[in-house]
Amino acid sequence: MEEINGELYGDGLVSLDEGSLESNDNGKQEQSCKICDDKLCSPRVLSCLHVFCEACIDKLMVNEAGDSLKFDLAVECPICKQETKIPGGGAASLPSDYLLTNILDVSSMDQSVVCTCCKSKEPAVARCTDCSHFLCSNCNSAHEFMRCFENHRVVPFDALRSSKEKAAVHKPIFCTRHVGESLKFYCCECEVGACTECLTVDHKVGEHRCERIVDAEPNLRAELRNFIVEANARAAAAGSASARLDDALGDLQRQRDEAENVINEAFRAYKAALERRREKALEELERLHKERELKVMDLFDRVDKTVQRIAEKEVPPPPHASPAPSFTLAELLAGDLNSPQAYNNLQALAKLGLNTEVNGYGGVGGVSGISAVGARGVSPGRPLLTSVEEAALVAPPAPLVRATKATPMHIRFKFGQLGGGKGQFNSPHGFCLGNDEDIIVADTNNHRITVFDKSGNHKFNFGVAGKEEGQLWYPRKVAVVRATGKFVVCDRGNERSRMQIFTKNGHFLKKIAVRFIDIVAGLAVTAEGLIVAVDSVTPTVFILSEEGDLMSWFDCSECMREPSDIAISGKEFYVCDFKGHCVVVFDDEGRFLRRIGCENVTNFPNGIDVSDAGDVLIGDSHGNKFHVAVFSRDGVLVTEFECPYVKVSRCCGLKITSEGYIVTLAKNNHHVLVLNTLYIV
């Protein structure tokens, strides 16, 4: 600031460090508005000290709908985002940047400037320092001769361009309260500029200490210099502190990384120790299980033999000389199989060369065993059933009518034992049948897939333990794409479930992302090559293409409790409900169709298959015996089978071969069972 002719002017060319008038090096850059990118016009200062055109600030107060906002609202600075409260007069009420205003006035002298005192639009040749107008030649003469401009000081442009007269371009600063009065005094108590009117009203002599601005300017300038020096010192200290904080932040990050490495190393060490301890505990558990299993099975065998001896003593011997009975097959099936008459009838059939093995059901259930034996072979010229009796066999039986005992299933062969060698298993969780009825086993704890032919001969293994793509990590389920022979394998990987595709020779092809599945309880492939997986945690059936696209899915949690296996027949999906003791049937769009089975008939089912004839075979190992219930497609119980010759625990899956053999996987026994039911498929 400086006083010219006793008035206060904005000093736009004063360098506080040098104390002399000089041009600003960044003048050109500071003369442009950051909003409109044009030369500043009526520059106004926001509270953040950023300067913009008055008109541009007014535009900031216009909302998206084009309505002007109230002036008492805040405007956000486009550069620093700090808010400035706009006074009631709008942007015109904000402080003017006198520095830039004077710079703009100086720069305008190098361009063609028109007269601002009259309406002639004539080129300006001089400037009045009192009224701050550019003057044309006529207005210049008027200022020279008219009495109203008697005390005005007019400076020609040639004088303005000289170094001695540059200060004269500065505009006077007028009082905001008293129109037309320029600021000539400075109140030391209030630290504000004051005009003559202000001294008589707000800053009375005797109450406030006031000075002429020209006298107060040196002290204020010196004080500003001290503030600048102090601010620079504080800025340097803040910069140093910021650098130290940055170093401290880096040290903190390094310490965090080191601590993380220590924690991870400790975790890996503890995990390795726990895994070793787990392996030892599992080995000890397996040893104790084998030892006690042998004792229990030996005791069971002795008890069973004792029961048989008691039963033989209680049953009366059949008469050897009795004549051939006169009865029909329908009468035989309708009678009480435990009566002496029925026993004599069965003995008579035996004399005729017929196998009298009956599966324990009245009606069609009892005929199934006899029909199967008849198909196996009867002496020539002696047909087992007449046409009338055969017609009676197709009559629908009463549903879920059970006899006292299921038909025994004989072990055709079994293979596998605990271990990691060829043909050995370690807690296998699933299997399927291949195109040539190969038996493909998901050897879970050995982290591999093992392939056997249908006679149980080992063919090959594939899979390396690991979580990377192409490796296997606790594989649970396996299925085969019939058209190509490719293997679909579900294991854990890095997630709870992972699905991978391998060639028919066991070479890795690709991974399918199934993060939406928690635990795969059942896996199957449709005739069209679509992959079907059922989730046991949140009962849901997912249908995917071989390319990995999720084609469809449906929630079945309202119809069942815990899925354990799935089979597909045509457009129908058969899902075992382990805790619901039944099988729930859906169509391919997820609509509920019916339930098959019930408690005490299909307890805790863990295997399902549908024969080519449409019969539904449901397997379970409840009571440590592998039990199979055969139903018609409509859910009518047809017959039951049971294998009393071997104790099994947690059988997984059930498949029926083209020859009518039933295959299951005894997980805790670590072997595969192939059973002969004499069942006609």
Side-chain angles (χ1 to χ4, degrees), residues 429-435 440 442 449 469 475-493 495-504 509-578 580 582-596 605-610 614 616 618 633 652-655:
H429 277 66
F431 81 100
C432 69
L433 297 183
N435 287 342
I440 300 103
I449 301 297
E469 292 187 3
R476 295 177 56 89
K477 300 296 176 183
V478 60
V480 173
V481 181
R482 296 292 178 184
T484 60
K486 296 177 183 176
F487 297 104
V488 182
V489 181
C490 289
D491 68 343
R492 293 184 189 175
E495 310 290 341
R496 297 189 67 182
S497 289
R498 175 178 63 172
M499 186 179 292
Q500 299 185 100
I501 308 294
F502 296 83
T503 67
K504 61 181 180 181
L509 288 177
K510 61 184 173 183
K511 168 190 171 183
I512 296 177
V514 289
R515 294 179 180 174
F516 41 81
I517 302 179
D518 287 318
I519 297 178
V520 177
L523 184 67
V525 180
T526 67
E528 295 79 14
L530 297 177
I531 302 169
V532 181
V534 58
D535 186 353
S536 66
V537 177
T538 55
T540 308
V541 174
F542 298 94
I543 304 172
L544 305 97
S545 68
E546 188 177 331
E547 290 72 28
D549 299 323
L550 181 60
M551 308 300 292
S552 63
W553 61 274
F554 58 86
D555 183 0
C556 48
S557 58
E558 294 184 357
C559 304
M560 60 194 317
R561 296 174 60 187
E562 182 181 323
S564 56
D565 197 9
I566 188 171
I568 302 172
S569 178
K571 298 294 184 180
E572 294 184 340
F573 292 3
Y574 296 76
V575 183
C576 284
D577 187 358
F578 185 76
C582 66
V583 168
V584 185
V585 187
F586 303 89
D587 64 13
D588 57 351
E589 295 183 358
R591 289 186 290 264
F592 171 81
L593 298 179
R594 58 190 176 277
R595 283 186 173 84
I596 298 177
N606 213 9
I608 177 75
D609 200 3
V610 182
V616 181
I618 306 173
R633 184 181 293 272
C652 295
L654 179 152
K655 299 296 178 186

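For the pair Phe554 and Thr540, the tightest heavy-atom approach, listed with the atom from each and the gap, is O-CG2, 3.3 Å. Considering every non-hydrogen atom in both Val481 and Glu546, the closest pair reads CG1-OE1, 4.0 Å. Looking at every heavy atom in both residues, Asp491 comes nearest to Pro475 through CB-CA, 3.5 Å. Listed here is the closest heavy atom pair of Cys432 and Ala479: SG-CA, 3.8 Å. Considering every non-hydrogen atom in both Phe431 and Gly653, the closest pair reads CE2-C, 3.8 Å. Nearest heavy-atom pair across Asp609 and Lys655 is OD2-CA, 3.3 Å.
In this structure, the separation between CZ on Arg591 and CZ on Phe573 is 12.0 Å, given to the nearest 0.5 Å. Between Glu572 atom CD and Asp588 atom CG the span is 9.5 Å, to the nearest 0.5 Å. In this structure, the separation between CD1 on Ile618 and CD1 on Ile608 is 4.5 Å, given to the nearest 0.5 Å. Interatomic distance, CD1 of Ile531 versus CG of Leu523, reported as 7.5 Å (0.5 Å rounding). Distance check: Asp565 CG to Leu654 CG gives 8.0 Å after rounding to the nearest 0.5 Å. Interatomic distance, CE of Met560 versus CG of Asp555, reported as 11.0 Å (0.5 Å rounding).
Phe586 and Phe592 have perpendicular rings, their planes meeting at more than 60° on a 0 to 90° scale where under 30° would count as parallel.
Residues Val525 and Val480 are not in side-chain contact: their nearest non-hydrogen atoms beyond the backbone lie 4.5 Å or more apart. For the pair Phe516 and Leu550, the minimum side-chain heavy-atom distance is below 4.5 Å. Within the 4.5 Å cutoff, the side chain of Cys559 has heavy atoms near those of the Arg595 side chain. The shortest side-chain heavy-atom distance between Ile501 and Val488 falls under the 4.5 Å cut-off.
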What do the steps show when you test Phe542 against Val514 for side chain to side chain contact (heavy atoms under 4.5 Å, CB included), and what is the final call?
-> CA-CA 9 Å; Phe542 298 94; Val514 289; over 6 Å; no
After noting the C-alpha distance and the side-chain angles of Thr484 and Lys504, does the key distance pass the side chain to side chain contact (heavy atoms under 4.5 Å, CB included) rule?
-> CA-CA 8 Å; Thr484 60; Lys504 61 181 180 181; over 6 Å; no
Worked check of side chain to side chain contact (heavy atoms under 4.5 Å, CB included) between Arg633 and Arg594 | CA-CA 10 Å; Arg633 184 181 293 272; Arg594 58 190 176 277; 3.5 Å; yes
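Sorted by first and then second residue, the salt bridge (charged side-chain N to carboxylate O under 4.0 Å, His left out) pairs involving residues 515-535 (not counting sequence neighbours) are Glu495-Arg515, Arg496-Asp518.
In terms of modelled atom types and a separation under 3.5 Å, the side chain of Arg476 and the main chain of Arg492 share no donor-acceptor contact. Between the side chain of Asp577 and the main chain of Cys582, no donor-acceptor pair closer than 3.5 Å is present. Within the 3.5 Å criterion, the main-chain N or O of Glu469 finds no donor-acceptor partner in the side chain of Lys510. Although no hydrogens or angles enter the test, the distance criterion places no donor-acceptor pair under 3.5 Å between the side chain of Thr503 and the main chain of Leu509.
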